[in-house]
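Values below: every heavy atom of this structure, side chains too, minus hydrogens, waters and symmetry copies. Both ligands and their constituent atoms are indexed starting at 1 by order of listing.
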Amino acid sequence: MKKKIIMLACACALTFIACQDKKESTSSALSSDEIGIRKTSVENENNVVLPDANFTTLQPGESNLIERSFENAPPLVPHSIENMLPITRENNMCLSCHDKAIAADVGATAMPMTHYFDFQAGKATGDEVSNERFNCTQCHVPQSNAKPLVGNTFKPEFKSEEAKKRSNLIDALNEGVK
Ligand code: HEC
Ligand code: HEC
């Protein structure tokens with residue numbers, strides 16, 4: 001009998017706790033439409049409205065460089081990359097202008113030293129771009145003039161005027177290393 005009463009008491013307590021929990025979660029829970037910045041259900045992809053993205057149509061040689069976001073940030077792509085993607089093992093158009101042996105002749109910025117260095121093996125890759133840097137658009141992205149969904153007040157600090165236009169990551173990485 002005693003055992004039964006204890007069990008009953010436990011069951012009551014559990015039901016009570018469960019009800020409390022439920023009450024709390026329904027009053028403060030967000031619906032899936034309210035989560036994130038797209039404001040549509042996370043369970044349904046059909047109603048997602050993508051922001052208008054007008055990418056530049058200016059071709060390489062016609063565009064103006066975009067200010068670096070911060071020191072040694074991967075520079076943003078100022079020109080159109082239409083018809084250059086996807087980058088495949090056999091075809092990487094970016095290299096045809098940004099390879100260090102070609103860049104100066106076509107007025108493009110040459111890939112920096114970090115792109116000719118295998119960081120896993122710890123050695124330079126000579127005239128060949130490192131495999132780690134082959135997929136350019138993984139890090140370098142074009143910009144569209146879409147209205148930002150979230151504001152941003154970040155202001156970069158640069159150590160020098162030069163650093164606003166050129167990266168020096170390989171030197172920065174070796175700073176203080178003997
Ligand atoms: C036909 C030559 C050409 C091709 C192909 C090309 N680029 Fe460029 N790129 C340029 C030139 C020239 C500039 C300098 C801006 C200009 O004159 O339009 C530039 C600028 C850039 C910059 C800005 C560099 C800086 O110093 O701020 C980045 C990043 C870039 N390109 C990435 C790419 C990527 C990624 C691809 C491949 C998807 C690519 N480019 C393909 C010629 C080219
Ligand atoms: C894993 C990310 C990553 C990939 C992949 C990558 N880059 Fe970069 N890139 C960077 C970063 C970070 C910097 C700036 C720091 C530095 O020097 O490495 C940079 C700098 C550059 C610069 C500016 C050099 C300067 O002197 O200021 C050019 C041009 C460039 N990359 C072109 C390319 C091209 C073309 C490819 C593809 C073949 C490529 N990158 C692939 C991250 C990447």
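Under 4.0 Å from ligand 1, not a single heavy atom of N92 appears. Neither the backbone nor the side chain of L58 has a heavy atom within less than 4.0 Å of ligand 1. At a heavy-atom distance under 4.0 Å, atoms from both the backbone and the side chain of S63 approach ligand 1.
The distance criterion of under 3.5 Å between nitrogen or oxygen atoms is not met by N168 with respect to ligand 2. Polar contact check, A108 against ligand 1: no nitrogen or oxygen pair lies under 3.5 Å apart. For ligand 2, one of its N or O atoms has an N or O atom of H115 under 3.5 Å away. Any N or O atom pair closer than 3.5 Å counts here, and T114 shares at least one such pair with ligand 2. The N/O atoms of R68, backbone and side chain alike, include one that comes under 3.5 Å of an N/O atom in ligand 2.
Counting protein heavy atoms only, atom 41 (C) of ligand 2 is closest to R133 O, 3.1 Å. Distance from atom 26 (O) of ligand 2 to its nearest protein heavy atom, with residue and atom name: R166 CD, 3.2 Å. In this structure, the protein non-hydrogen atom closest to atom 4 (C) of ligand 1 is C97 SG, 3.3 Å. Scanning the protein heavy atoms around atom 38 (C) of ligand 1, the nearest turns out to be C94 SG, 2.7 Å. Looking only at heavy atoms of the protein, atom 42 (C) of ligand 1 is closest to P60 CB, 3.4 Å. Distance from atom 39 (C) of ligand 1 to its nearest protein heavy atom, with residue and atom name: H79 CE1, 3.3 Å. In this structure, the protein non-hydrogen atom closest to atom 21 (C) of ligand 1 is H98 CE1, 3.4 Å. Of the protein's heavy atoms, P74 CA, 3.7 Å lies nearest to atom 13 (C) of ligand 2. Shortest contact from atom 28 (C) of ligand 2 to any protein heavy atom: P112 CD, 4.0 Å.
Within 6.0 Å of CD on E157 lie no more than 12 heavy atoms contributed by other residues, nucleotides or ligands. Within a 6.0 Å radius of CE in M84, more than 12 heavy atoms belonging to other residues, nucleotides or ligands are found. Within 6.0 Å of atom CD in E82, 12 or fewer heavy atoms from other residues, nucleotides or ligands are found, so the atom counts as exposed in its surroundings. More than 12 heavy atoms of other residues, nucleotides or ligands lie within 6.0 Å of CD in E34, so this atom counts as buried by the packing criterion. No more than 12 heavy atoms of other residues, nucleotides or ligands shown are found within 6.0 angstrom of CG on D127. Within a 6.0 Å sphere centred on CD of E128, other residues, nucleotides and ligands contribute 12 heavy atoms or fewer. More than 12 non-hydrogen atoms from other residues, nucleotides or ligands lie less than 6.0 angstrom from CG of N174.
Atoms of ligand 2 lying under 4.0 Å from at least one heavy atom of E132, given by number and element, are 5 (C). Interface of G107 with ligand 1, defined as ligand atoms under 4.0 Å from a residue heavy atom, comprises 12 (C), 14 (C). Interface atoms of ligand 1 facing H140, defined by a heavy-atom separation under 4.0 Å, are 29 (C). Atoms of ligand 2 found under 4.0 Å from any heavy atom of L95 (numbered from 1 in listed order, with element): 38 (C). Less than 4.0 angstrom separates some heavy atom of M93 from each of these atoms of ligand 1: 5 (C). Which parts of ligand 1 touch V106 is read off a 4.0 Å heavy-atom cut-off, strictly below it: atoms 12 (C). Numbered from 1 in the order shown, with element, the atoms of ligand 2 that lie under 4.0 Å from a heavy atom of N135 read 5 (C). Atoms of ligand 1 found under 4.0 Å from any heavy atom of P78 (numbered from 1 in listed order, with element): 20 (C), 21 (C), 22 (C), 23 (C). Residue I81 has at least one heavy-atom neighbour below 4.0 Å for each of these atoms of ligand 1: 38 (C). Listed by number with element, the atoms of ligand 2 under 4.0 Å from a non-hydrogen atom of L169 are 15 (C), 16 (C), 17 (O), 18 (O). Close contacts of ligand 1 with E62, meaning ligand atoms under 4.0 Å from a residue heavy atom, involve 18 (O).
For A110, the heavy-atom gap to ligand 2 drops under 4.0 angstrom. The closest approach between A103 and ligand 2 stays at or above 4.0 Å for every heavy atom of the residue. For I87, the heavy-atom gap to ligand 1 stays at 4.0 angstrom or more.
Counting only distance, with no hydrogens or angles, the side chain of T137 and the backbone of H140 share no donor-acceptor pair below 3.5 Å. N92 contributes no side-chain N or O that, together with a main-chain N or O of N135, makes up a donor-acceptor pair within less than 3.5 Å. Listed for the S130 side chain is no donor-acceptor partner under 3.5 Å among the backbone atoms of H115. At least one donor-acceptor pair closer than 3.5 Å links the side chain of S96 to the backbone N or O of M93. Of the possible polar contacts, none joining the S167 side chain to the L169 backbone as a donor-acceptor pair under 3.5 Å is found.
Taking each of A172, C136, C139 in turn, the one with a heavy atom nearest to atom 36 (C) of ligand 2 proves to be C136. Scanning P75, S130, S167 for the heavy atom closest to atom 27 (O) of ligand 2 points to S167. By heavy-atom distance, the residue among V77, L65, N64, T109 lying nearest atom 14 (C) of ligand 1 is L65.
Heavy atoms only, all atoms of each residue included: P75 and R68 are closest at CB-NE, 3.5 Å.
Taking the six-membered ring for Trp and thresholds of 30 and 60 degrees, H98 and H79 have nearly parallel ring planes, at less than 30 degrees apart.
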Yes or no on side-chain contact (heavy atoms from CB on, under 4.5 Å) for I102 and C97, after CA distance, side-chain angles and deciding distance?
-> CA-CA 6 Å; I102 303 166; C97 292; 5.5 Å; no
Please step through side chain to side chain donor-acceptor pair (under 3.5 Å) for the pair D118 and N131, ending with a clear verdict.
-> CA-CA 8 Å; D118 181 338; N131 288 339; over 6 Å; no
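For the pair K123 and F117, the cation-pi test (distance below 6.0 Å, angle within 45°) is failed.
Side-chain contact between S160 and F158: absent, with no pair of heavy atoms (C-beta onward) separated by less than 4.5 Å. Counting heavy atoms from C-beta outward, N145 and F55 have side chains that stay 4.5 Å or more apart.
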